[in-house]
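Reading through the structure tokens given below for one structure.
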Amino acid sequence: MTKFHQIAGALRNWASGPRLRTPRWALHREMYEQSTLIVTVFYVVTAAFLYEGSRELSDLAVPLESFDLLWPVAWISEVGVHTGGRLIAQLGIFAGLLGIVAWRARGVRVLVSLALLLYAAMSNSDGAISHGYHEWFWISVCFWLLPTESKVAVGATRAGRMQFLTAFSAAPLLILFFYTLSGLYKCWYALAAILAGESGGFSPDALAITVAWRAIQTGSQPLWGSFVVDHPLLGWPFYSGLYFVELVSILVFFRPSLHRAWGIILIAFHLGTLLFMDIIFARHVLINGLLFVMSPFALGQHDWRHQIVAVPGLGRLAAMVLGRPGSQGLKTQPGTAKDPQGRIPAVT
Amino acid sequence: MKPHRRYSLRNYSALKITIAMFVVVYGIVAYQGGAKSERGEYFPVFNWSLFTYVKSVRGLTELHVKRIGAHEFERPVNFFELDEYFPTASARSSDLKKNLERLVRARARGDQAQVATLRKLIETRHLSGHGSVEYALVYVVFSPVERWKTGRTMRESVIAQWETGPRT
């Protein structure tokens with residue numbers, strides 16, 4: 001074993017935290033089935049997005065000077081807004097439909113990504129870049145790595161299933177990485193504020209400041225904005241909790257027992273952005289639902305004690321209180337795990 | 001069915017390394033884009049720095065309207081209060097704020113072409129439909145919570161004043 005493999009192994013063990021002793025390999029068939037379902041749903045929803053957006057694009061009547069075209073749609077300055085919008089709309093409809101029926105072909109997946117990129121670029125060519133479609137686009141790029149053979153051919157061997165699941169895992173890994181990036185920036189500047197003796201992200205009134213700042217920037221009136229501005233201390237635990245959830249998200253990728261819980265927490269966070277800041281993250285709710293609440297890697301990992309012990313940073317403390325799951329309550333005996341159909345019953 | 005020969009543990013390891021490299025490269029490009037790009041990112045590689053800065057006193061470039069067509073206001077009015085004239089005033093989006101910031105940065109570095117592009121964009125998207133509009137870019141310093149509660153600001157300074165199209 002090389003030094004690189006030793007370091008990679010040690011890092012993986014650290015990131016993974018406490019593990020179940022369940023022989024997870026026996027669940028790979030179910031994980032594979034679940035992940036193919038998620039990919040199919042992803043392409044169906046993508047088609048719906050492209051279909052919905054195509055009407056807006058095919059009807060563009062604004063002059064070219066009201067755009068500051070991003071590089072993927074810079075060519076529109078040559079053909080005109082009307083023609084360019086119609087071309088992107090038609091490509092979107094065509095690619096969306098192809099994605100539903102033939103996503104196993106890599107060329108189709110690339111075409112869907114291209115359609116998403118053009119749509120996102122056009123939507124963001126009004127000078128300001130919003131990020132509603134970024135994650136969706138990058139998930140479609142991650143799916144380029146999926147094997148191209150039929151479901152039966154890929155699922156016939158363990159190596160094929162592993163290949164599919166590993167390629168699929170790029171999507172949740174990247175999304176959790178995005179949350180960690182966001183958390184890193186927030187924590188970095190919050191720490192800098194503490195060192196400078198100023199108000200910052202860790203201040204008790206941080207949520208109230210953020211809510212008021214956003215409302216003044218956009219002229220909006222969030223549903224629960226007044227409440228949190230009038231009672232800033234009530235927002236403190238939620239805001240600090242959000243920093244923690246975002247910061248450690250990347251570790252959650254390696255702890256599948258937490259996928260469902262993290263998916264729900266992140267969805268709750270995005271619902272909170274509407275209530276407190278009047279910002280809608282509809283696609284992010286879908287993404288967290290598909291990749292984490294429905295995570296194929298979380299199959300068979302329902303034990304709440306193991307989930308608590310797996311929470312990054314808090315696990316050791318929880319383990320002292322609850323004992324170490326896996327060595328007691330969660331242990332499965334070798335040779336008894338498989339049922340007659342060759343499946344492992346969910347750990348309960 | 002015959003096992004598919006294409007899949008092997010070697011491919012599987014290569015795939016894992018590819019994914020890890022992809023994430024690392026994304027992180028580097030996203031960081032660079034956040035630090036160096038005029039738009040804050042090398043589209044579509046975003047660094048996800050959202051609501052990173054929390055400060056009790058902040059400055060914001062705002063669009064204040066002095067006159068719409070023949071109607072002159074007694075005092076300049078914040079664009080967001082003019083939704084009866086301009087539909088985007090009630091859009092509750094940060095697009096205008098981002099474009100105003102880009103416009104101010106372009107002006108500060110003397111990029112006249114970019115200033116012209118962004119002025120046209122803002123005037124066409126946000127200030128059209130009612131003839132000539134006289135407006136100002138105003139830098140306002142305030143405490144967000146204080147302004148939310150009382151409307152008070154600490155300091156206001158006019159950065160630029162412009163007029164859209166010919167006066168009718």
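The shown structure was predicted, so the numbers you read here are calculated from the model rather than taken from an experiment. What you see below is based on every heavy atom in this structure, not just the backbone, and it leaves out hydrogens, waters and symmetry mates. Here is how names work: the chains are called A, B, and so on, in the same order as the sequence lines, proteins then strands, and each is numbered from 1.
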Could you tell me which of [options] has the largest number of non-hydrogen atom pairs under 4.5 Å with chain B?
options	value
Leu145(A), Asn124(A), Val141(A)	Leu145(A)
Glu246(A), Gln217(A), Lys186(A)	Gln217(A)
Phe177(A), Tyr189(A), Trp213(A)	Trp213(A)

Engaged part of Glu62(B) at the chain A interface, taking heavy atoms whose separation is under 4.5 Å
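For Glu62(B), the contact with chain A is made by the side chain alone.
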Is it the side chain or the backbone of Phe43(B) that comes within 4.5 Å of chain A heavy atoms, both, or neither?
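For Phe43(B), the contact with chain A is made by backbone and side chain together.
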Determine the option with the most heavy-atom pairs under 4.5 angstrom with chain A, choosing from [options].
options	value
Val145(B), Asn47(B), Leu118(B)	Asn47(B)
Arg102(B), Glu41(B), Lys16(B)	Glu41(B)
Lys97(B), Arg125(B), Glu123(B), Lys98(B)	Arg125(B)

Please give me the minimum heavy-atom distance between [X] and [Y], naming the atom from each residue.
X	Y	result
Ala206(A)	Gly200(A)	CB-O, 3.5 Å
Ser77(A)	Leu69(A)	N-CD1, 3.7 Å
Val81(A)	Pro63(A)	CG2-C, 4.3 Å

With a 4.5 angstrom heavy-atom cut-off, which part of [X] approaches chain B: side chain, backbone, both or neither?
X	answer
Phe67(A)	both
Ala170(A)	both
Gln163(A)	both
Cys187(A)	neither
Tyr243(A)	side chain
Ser226(A)	both

Note, Val154(A) side chain near Leu146(A) side chain (heavy atom, < 4.5 Å)
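Sidechains of Leu146(A) and Val154(A): no contact.
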How are the rings of Phe297(A) and Phe253(A) set relative to one another: parallel (under 30°), tilted (30 to 60°) or perpendicular (over 60°)?
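Perpendicular.
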